[in-house]
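All chains are named by letter (A, B, ...) in the order of the sequence lines, taking the proteins before the strands, and each is independently numbered beginning at 1.
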Amino acid sequence: MVDATHRAGGVIPPAEVPELELYHPKSWWTTYVFSQDAKVIAIQYAGTAMAIGLVALMLSWLIRLQLGFPGTFDFITPDAYYQFVTMHGMIMVIYLLTALFLGGFGNYLIPLMVGARDMVFPYANMLSYWIYLLAVLVLVASFFVPGGPTGAGWTLYPPQALLNGTPGGQELGIILMLVSLILFIIGFTMGGLNYVVTVLQGRTRGMTLMRMPLTVWGIFTATVMALLAFPALFVACVMMLFDRVLGTSFFMPALVEMGELTSHGGGSPILFQHLFWFFGHPEVYIVALPAFGIVSDLISTHARKNIFGYRMMVWAIVIIGALSFVVWAHHMYVSGMHPLFGFFFATTTLIIAVPTAIKVYNWILTLWRGDIHLTLPMLFALAFIVTFLNGGLTGLFLGNVVVDVPLSDTMFVVAHFHMVMGVAPILVIFGAIYHWYPKITGRMLNQQLGLFHFWVTFVGAYAIFFPMHYLGLVGAPRRYPELGGTAFIPESVADLNAFISITAFVVGFAQLVFLFNLIWSLRYGKEAGPNPWRATTLEWQTPTTPPPHGNWGDERPVVYRWAYDYSVPGAPQDFIPQNDPWPDKPLTRPA
Amino acid sequence: MTVALVLVLVVVGSILFHILSPWWWTPLASNWGYIDDTIIITFWITGAVFTAVVLFMAWCVLRYRHREGVRAAYQPENKKLETWLTIGTAVGVAAMLAPGLYVWAHFITVPDGAAEVEVVGQQWQWNFRLPGEDGKLGRSDARLVSFENPLGIDPDDPAGQDDLVIEAADLHLPVDKPVKMVLRSIDVLHDFYVPEFRAKMDMVPGMVTYFWLTPTRTGTFEILCAELCGVSHGFMRGTLMVDTEQDYRAWLQGQSTFAQLSGSRQTGMVEEAGQ
Ligand code: HEM
Ligand SMILES: [Cu+2]
Ligand SMILES: [Cu+2]
């Protein structure tokens, strides 16, 4: 490993050399397990997130078994069904997507892309991962305790979540769920502060904020949002834990549980909903903004064209981030909150559509007059635009208060949020993995397997979730283990449900092919070289691939230009790395 | 080629599915046709945007696919284009929001003459209460719920004595008369949802919520619970019948008041105890 600290008179003042020595790992344990290297932590985060995500995927199969073929599988009791749905939703949103985008991509890409050697607080960064792992283990433990995990829905609405009549309500399930969330938030905060401070303080010379790749902007803004939004969930969890364990009544009014009056009184279930969605809506964008950023870079790189309207894109990210704190109650139009709120929240919600639409336009305007290479990352980016656009447009139904009234709590909602925050960000994750895997491992992922994975996932996911909107239009409520003999629901709905289920199994299978590809290519993938996509951003300019601890060898790069100098007129090649001073000299390196 | 083709197929397939599939909303049975209209407007606008954007993308993929020797254009910004797109989007959004808010204003303004009907949710059945002769519902509180008084009606409030209590049975409404559905729960969240009415609203313990509607055709409708309320949420069904004025009167005659019910239940208890 090249060690920066040994270069006399180098970038690092000699007085600091002994301290830096301390920071380098000395043993196998500190290199690979209790590592403080953001890249190793990134892989730990990503590996754990994908492992638990696999559980969530398998839970979706169980859910679809029941919905597609109700009454066929005896082991899926209503209790079990609700537990599957709850755990599926919670794992997907928090433990997979949030952890993978911020803990995984954030850790790997932020230091490399801004030209830093590592995160600013490596020790806290390491703790962040281990606390996240603990949170996951507590979550997993809830599958094995008496009564099983909570079945309260991923929204955990009290009073139902804390009572008999809901799986895990009066058993351990809900307690473990709340404890796990509290741990997750503590762990996240340690990592999150790192990402923010590193972006603000750790950038290399020349890397101004307005030269940062949009990936960094997306992850940065999402992290700031998460740091502001998670505390609402944190206090909600603590208060709810008190209600459940100490008998307080923050969220519990006087009520009857299975015929018996409980000792609770005076609390407000709606207060919980406000706290939950004050976190929950920004959460949608905590997942979406990193995806926005990453997909912008994928499109620009693989269309060999600068991102269209960069400044507009940055401002759109920031404005969306800010506005998303004043729209939360669009999840509560029919919750019984004061009806006048509807005017305010519908207006703010539809206003967000404008900066969001600008992002979509700018992506396709980047394709326009580009030099489009249909690589796997590009294919996933295109698929993302389609699904995100689709999901964003159905958001205009649900955001427009009165239109939400018939649709809320139906399968329309399930279809909408899967398109927009399930399928769309996951497509970006795949695109991003195909894109950065060569940097992380030094090898390319297999193209044939990748194409199979792409087509099945894109077409399949669209075929699952597009028709699902129409179940909601018919009036089928969500969170029903079966629709039963309901007069207004035509028989043919059962066929549609069976079709969706079978498609879901096929799409699920394709994910196993992807996992196989990840492992297989580690050994047998084509050698990638340092910059296989001929990209401009700093992570592709490291002296060694994969980059070692410290990232940059002797000297940190100096940045001369923005991240999008593709196809610059007059340049001898169709990309100019950010750390290239051309036309003042270099740019002789082989393309 | 393939990619552009699939993108076109996604658009064409989605539109055909929309037009041809048998899955569409159930025939309306209330005054909330406005809501259906707003959904239709939204479908047109969003459908047009989806079609335009995806087709444009397909064209770009086809036209600007990588060819040897061709470079991408270098164009970081285009102020004019960006401004026009922003304005166009804002207009489209306003075209959906304006009717939406207009109808919402209707939705939350209960007309003066609306009759009150109370729905009381409980795991996992529907109960109802109608005001008696006095036209007023008596006070209620979950703390008063007991076997004799399943809805927690305050026995000390004279307004409650003549209230009609309908426990776990069908609810009837007269056709063409506006009703304010007053919603309450004695245990957890529920949501009163009749798809043909289009309207729904959560029922929250400790609170009273409401919405209003005018049933516009007679018939039998299913009541579903639309807010997760525990394991039997999916099975929490009820029946609502919209009657002609005459049938409705006849049905009303058959209902018992709170005073009658609590009297008979108490004597029933005494008799049981005496045996
Ligand atoms: C192939 C992949 C997936 C399939 C087939 C699938 C299917 C489902 C189904 C059938 C439901 C239950 C609907 C209901 O009756 O209420 C559900 C709920 C949910 N899913 Fe997925 N899902 C998938 C991936 C995802 C992803 C990637 C996310 C990440 C955002 C996600 C988030 C959720 C959430 C939040 C819920 C709601 C849980 C609740 O109601 O409490 N799902 N999913
Ligand atoms: Cu939201
Ligand atoms: Cu329910």
Is the shortest side-chain heavy-atom distance between A:Trp368 and B:Trp59 below 4.5 Å? yes
Tell me, out of B:Asp141, B:Leu224, B:Val70, who's got the most heavy-atom pairs with chain A below 4.5 Å. B:Leu224
Hydrogens and angles aside, do A:Thr410 and B:Tyr193 bring a side-chain donor and acceptor to less than 3.5 Å of each other? no
State, yes or no, whether a side-chain contact exists between B:Val145 and A:Leu261 at a heavy-atom distance under 4.5 Å. no
Tell me, for A:Ala152 versus chain B, whether the close heavy atoms (under 4.5 Å) come from the side chain, the backbone, both or neither. backbone
For a 4.5 angstrom cut-off between non-hydrogen side-chain atoms, does B:Arg198 reach A:Val405? no
Contact part of B:Arg63 toward chain A, heavy-atom cut-off under 4.5 Å: side chain, backbone, both or neither? neither
Side chain / backbone / both / neither for A:Arg311 at chain B, heavy atoms under 4.5 Å: both
Among residues 386-393 of chain A, which ones touch chain B with a heavy-atom distance under 4.5 Å? A:Val386, A:Leu389, A:Asn390, A:Leu393
So what's closer than 4.5 Å to chain B heavy atoms on A:Leu374: side chain, backbone, both or neither? side chain
Does any non-hydrogen side-chain atom of A:Pro339 lie less than 4.5 Å from one of B:Phe107? no
Looking at B:Arg71 and A:Tyr566, would you say the former's side chain and the latter's main chain have a donor-acceptor pair under 3.5 Å? no
Between A:Phe397 and B:Phe43, is the gap from one ring center to the other below 6.0 Å? yes
Does the side chain of A:Tyr564 come within less than 4.5 Å of B:Pro76's, by heavy atoms? no
Please work out which of the three classes, parallel, tilted or perpendicular, describes the rings of A:Phe343 and B:Trp104, given edges at 30° and 60°. perpendicular
Residue B:Arg143 excluded, over 12 heavy atoms near CZ under 6.0 Å: no
Bottom line for B:Gln75: the part with an atom under 4.5 Å from chain A's heavy atoms is both
Would you say A:Gln160's side chain and B:Leu189's backbone share a donor-acceptor pair under 3.5 angstrom? no
Contact origin within B:Leu7 toward chain A - heavy atom pairs under 4.5 Å: side chain
Contact origin within B:Phe235 toward chain A - heavy atom pairs under 4.5 Å: side chain
Heavy-atom cut-off 4.5 Å, strictly under: side chain, backbone, both or neither for B:Val231 against chain A? both
Heavy-atom cut-off 4.5 Å, strictly under: side chain, backbone, both or neither for A:Phe308 against chain B? both
Please look at B:Asn78 and chain A and tell me whether the side chain, the backbone, both or neither of the residue comes under 4.5 angstrom of a heavy atom of that chain. both
In terms of heavy-atom pairs under 4.5 Å with chain A, which of B:Leu101, B:Thr209, B:Thr38 leads? B:Leu101
